[in-house]
Every structure is written in C-alpha cells, then in structure tokens.
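Notes to accompany the following structure.
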Amino acid sequence: MPELPEVETVKTYVYERVLHKKIKNIKVLDKKLRWPIDTKKIGNTKSKTIKLVTRRGKYILLQFDEPMLTIVIHLGMTGIIYFRKISEYKKRKHDHLVLYFDEYVLVYNDVRKFGSIHVTNEPSNMFLLKGLGPEPMSEGFNTDYLFDKANRRTCSVKELIMNQKVVVGIGNIYAAEALFLSKIHPSSSANKISKKKYEILVKNIKQVLSKAISMGGSTIKDFVNAEGKPGYFTQELLVYKKKYCPIHKKNLISNIKISGRSSFFCDKCQKL
DNA sequence: CAAGACTCCTGTCAGC
DNA sequence: TGCTGACAGGAGTCTT
C-alpha cells in the first residue's frame, strides 16, 4: 500500500492519538513479520511515554521519553495501523501487535507480513534507516543531486527514483505519475536523460507528492481504520492502472514490467 | 559499488 | 462452483 503520502498520513493520524501517551501494556499476537518482532525489546517500551512521532522515508518512528528508545515501523505492502477503544477491541485476522494506552489500543495489522517492527536505541544508525537517501521534499533532493546519482547508473529512470537509497518515499504509483507528468519513458536509462529533464522530474516528484499529502485526510483514514476502502488518491491518478491517456484520449495506456513491477505510461507522451 | 534473480506472504480476480 | 495462475502500492539478501 504505502508510499510517502500514505505513510505521512498514517504518521499524522498516529501522532494525534499517541503523543505524550504512556504505553500501559503490549501484546505481540503474531511476531512473524519480515523480521520477527523482538518481544523482549518491544517489552522495554512498556510504561514509557511517547515523546515524538516522525517519519523517515516510508518508516514511522515512535520515539520515547527515554533518550533514543524508538519503535520503527514499516508498513510493507499491506500493513495498516488502526485504533480501537480497549473495551471494543476484538482481535482481527492478521493483527500482529497491540499497544495499550489509557483508553485506546493501537493495532498493527499486516496481511502479507512484508512490514516490520523494530526497537532501536540508535535510530540514525539502525540498519534499515542508515543508508536511506534524502527526503524528496527536502532541499537536498534537487536537480544536481539526482543528475549526479543518475550519471553513475545504467538502470532505468523508474528504478532510479524508486531506489530508497537514492531518494526515499517513491513507490510504484508515484513513480508512474511523476514520469508521466515529466514526459519521460519509465524504461529510459537513468544516465541518458538530460539535466533539463531531471529538473522537470524533480519538480514533478515534489509536486505530486505534496498534492497527495495535502489530500491525505479523506479516504486514507478509512484505510487506516482497516475499513478496507481503496486508496484516497485514486481519483487523482493520471496513468497508474488507467485505461486511456488523459492527454491523447484515444491512446491506450501501456503496461510493461520493469524489474518485475507493473509500469504504466503513455507511449505518445513518453517516448524512449 | 552495481545489477539481476530470488525471496518472504496472503488475498483477489480473471479465465477455464 | 471450483481450480489454477497471475498479480498486488516493498525491499533485503545473495550471487556475479
């Protein structure tokens, strides 16, 4: 499911509910995720108060009173976080972790178990966070930076911008959208695209992500609440899973595989 | 370092 | 209705 805008929305949702709240109890219902949940380490967060809720790339960080003690959550493809009143909470299929607060529980649920939950004392050095590229909305992600990264690679431009070591937060959907807006073919070799094109691409990445973030309040909440509604940004999408190009209206959107992932584009707008 | 294949897991949907 | 195979918004690991 989640790329940067979705994770940002979930982060805000969690932030509003758990900031300054103390974890009263913890239940690990199913430790099997991408890496098994370390029951003992997660237990260390009991009786601790959440001081900060932040996001780094597609990771959500719950930071505690105790210096540096942090829960790191990745939603994988199907991870969701939802809240219930304690009295109304009934275990659902694929619930993995339950954090008990005064009146509410926070539940991590993940059908495909591609997500992960870690506890670390040193988030900046934690193996999953250490090598991450810059945030796409930051100044560090700019034309010069991306052009420099691209020049040393032969992979496709789509793989380049989806590589979390190059820039964080972009997944299959927003990669397709940003490339369409920039009129760049997703299969183009990263090192054969002009600097001018990268300038346009950087601008469009920032634009499409910030627009998606700004719309994060609507249907994503239902998704967060595990109500099973589809992603909120779907009505705004231009090429992802679309049949026709919004510009060349009779032209069918192409769908090819690039390193195993569906890649949608318009062959009239986006030439190789 | 870079690139490619492989892997984890469950649910859904199209086609027969 | 049931079976089968393809596919799903991710990313680490292993090998070359």
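Excluded from the calculations below are hydrogen atoms, water molecules and symmetry mates; all remaining heavy atoms, backbone and side chain alike, are included. Chain naming here is simple, since letters A, B, ... match the order of the sequence lines and numbering starts at 1 in each.
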### Task
Look at all strands and tell whether A:S259 reaches a base, only sugar-phosphate, or nothing, counting heavy atoms closer than 4.0 Å.
nothing

### Message
Apply ring pair (Phe, Tyr, Trp, His ring centres under 6.0 Å) to residues A:F83 and A:Y13 and explain how you reach the verdict.
### Response
CA-CA 10 Å; A:F83 288 86; A:Y13 179 79; 5.6 Å; yes

### Task
In whole angstrom, give me the gap between the C1' atoms of C:dA11 and B:dT12.
23 Å

### Query
Of the candidate nucleotides C:dG10, B:dC9, C:dG12, which contains the atom at the shortest distance from the side chain of A:W35?
C:dG12

### Task
Let me know the distance between CZ of A:R261 and P of C:dC7, rounded to the nearest Å.
13 Å

### Summary
Of A:H94 and A:R34, the one whose nearest nucleotide on DNA chain B sits closer to the 5' end is A:R34

### Query
Which whole-number value in Å describes the distance from A:L129 CG to C:dG12 C1'?
14 Å

### Message
Please determine whether a side-chain nitrogen of the Lys or Arg among A:D38 and A:K31 lies less than 4.0 Å from a carboxylate oxygen of the Asp or Glu.
### Response
no

### Message
Can you check the distance between B:dG11 and C:dG12, where both ends of the measurement are the P atom (answer in whole Å)?
### Response
25 Å

### Task
Check every atom of B:dA3, C:dG10, B:dT10 against the side chain of A:R153 and return the nucleotide holding the closest atom.
B:dA3

### Task
Check whether any side-chain nitrogen or oxygen of A:T154 sits under 4.0 Å from OP1 or OP2 of B:dA3, and answer yes or no.
yes

### Query
Which nucleotide in the set B:dC9, C:dG9, C:dA11 lies at the smallest distance from any side-chain heavy atom of A:K32?
B:dC9

### Message
So is the aromatic ring of A:F114 stacked onto the base of C:dG10, judging by whether the centres are under 5.5 Å apart and the planes are under 30° apart?
### Response
yes

### Atom-to-atom span, CD of A:E236 to C1' of C:dG9 - whole angstrom
17 Å

### Query
In whole angstrom, what separates A:N109's CG from B:dG11's C1'?
13 Å

### Query
Is any side-chain heavy atom of A:C155 less than 4.5 Å from a side-chain heavy atom of A:N163?
no

### Message
Let's test this: given Watson-Crick or G-U wobble pairing with both distances under 3.5 Å, identify the partner of B:dC9.
### Response
none

### Query
So does A:K93 get a side-chain nitrogen or oxygen closer than 4.0 Å to the phosphate oxygens (OP1/OP2) of B:dT10?
no

### Task
Pick the P atom in C:dC7 and in B:dC6, then give their distance to the nearest Å.
16 Å

## Note on the structure
Between CG of A:L33 and C1' of B:dT7 the distance, given in whole Å, is 16 Å

### Message
I want to check something: taking the side chain as every heavy atom from C-beta on, are A:E135 and A:R55 in contact at a cut-off of under 4.5 Å?
### Response
yes

### Message
If I take atom CD1 in residue A:I161 and atom P in nucleotide C:dG10, what distance separates them, rounded to the nearest angstrom?
### Response
12 Å

### Query
Can you find a side chain N or O atom of A:Y240 that sits less than 4.0 Å from OP1 or OP2 on C:dG9?
yes

### Message
What is the separation between atom CG on A:D30 and atom P on B:dT10, rounded to the nearest whole Å?
### Response
9 Å

### Query
What does A:F264 touch in the nucleic acid at a heavy-atom separation under 4.0 angstrom: a base, only the sugar-phosphate, or nothing?
nothing

### Task
Figure out the CD1/P separation between A:I173 and C:dG10, and round it to whole Å.
7 Å

### Message
If you only use heavy atoms from C-beta on, which nucleotide in C:dA11, B:dG11, C:dG12 is closest to the side chain of A:V111?
### Response
B:dG11

### Query
C:dG10, C:dG12, B:dT10: which one has an atom nearest the side-chain heavy atoms of A:K113?
B:dT10

## Note on the structure
Of C:dG9, C:dA11, C:dC7, the nucleotide closest to the side chain of A:K257 is C:dC7

### Task
Could you tell me which nucleotide pairs with B:dA3 by Watson-Crick or G-U wobble geometry, both distances under 3.5 Å, or answer none if nothing does?
C:dT15

### Query
If you check the A:Y59 side chain, which of B:dA3, C:dG10, C:dG12 turns out closest?
C:dG12

#### Entry: Side-chain N or O of A:K58 closer than 4.0 Å to phosphate OP1/OP2 of C:dG9
no

### Message
Classify the ring geometry of A:F127 against A:H118: parallel below 30°, tilted from 30° to 60°, perpendicular beyond 60°.
### Response
perpendicular

### Task
Report the residue (A:F127 or A:R112) whose heavy-atom-nearest nucleotide on DNA chain C is the more 5′ of the two.
A:R112

### Query
Quick one: do A:K24 and A:D102 make a salt bridge, cutoff under 4.0 Å?
yes

### Message
How about NZ on A:K41, more than 12 heavy atoms from neighbouring residues, nucleotides or ligands closer than 6.0 Å, or not?
### Response
no

#### Entry: Residue-phosphate contact under 4.0 Å: A:H74 side-chain N/O, C:dG10 OP1/OP2
no

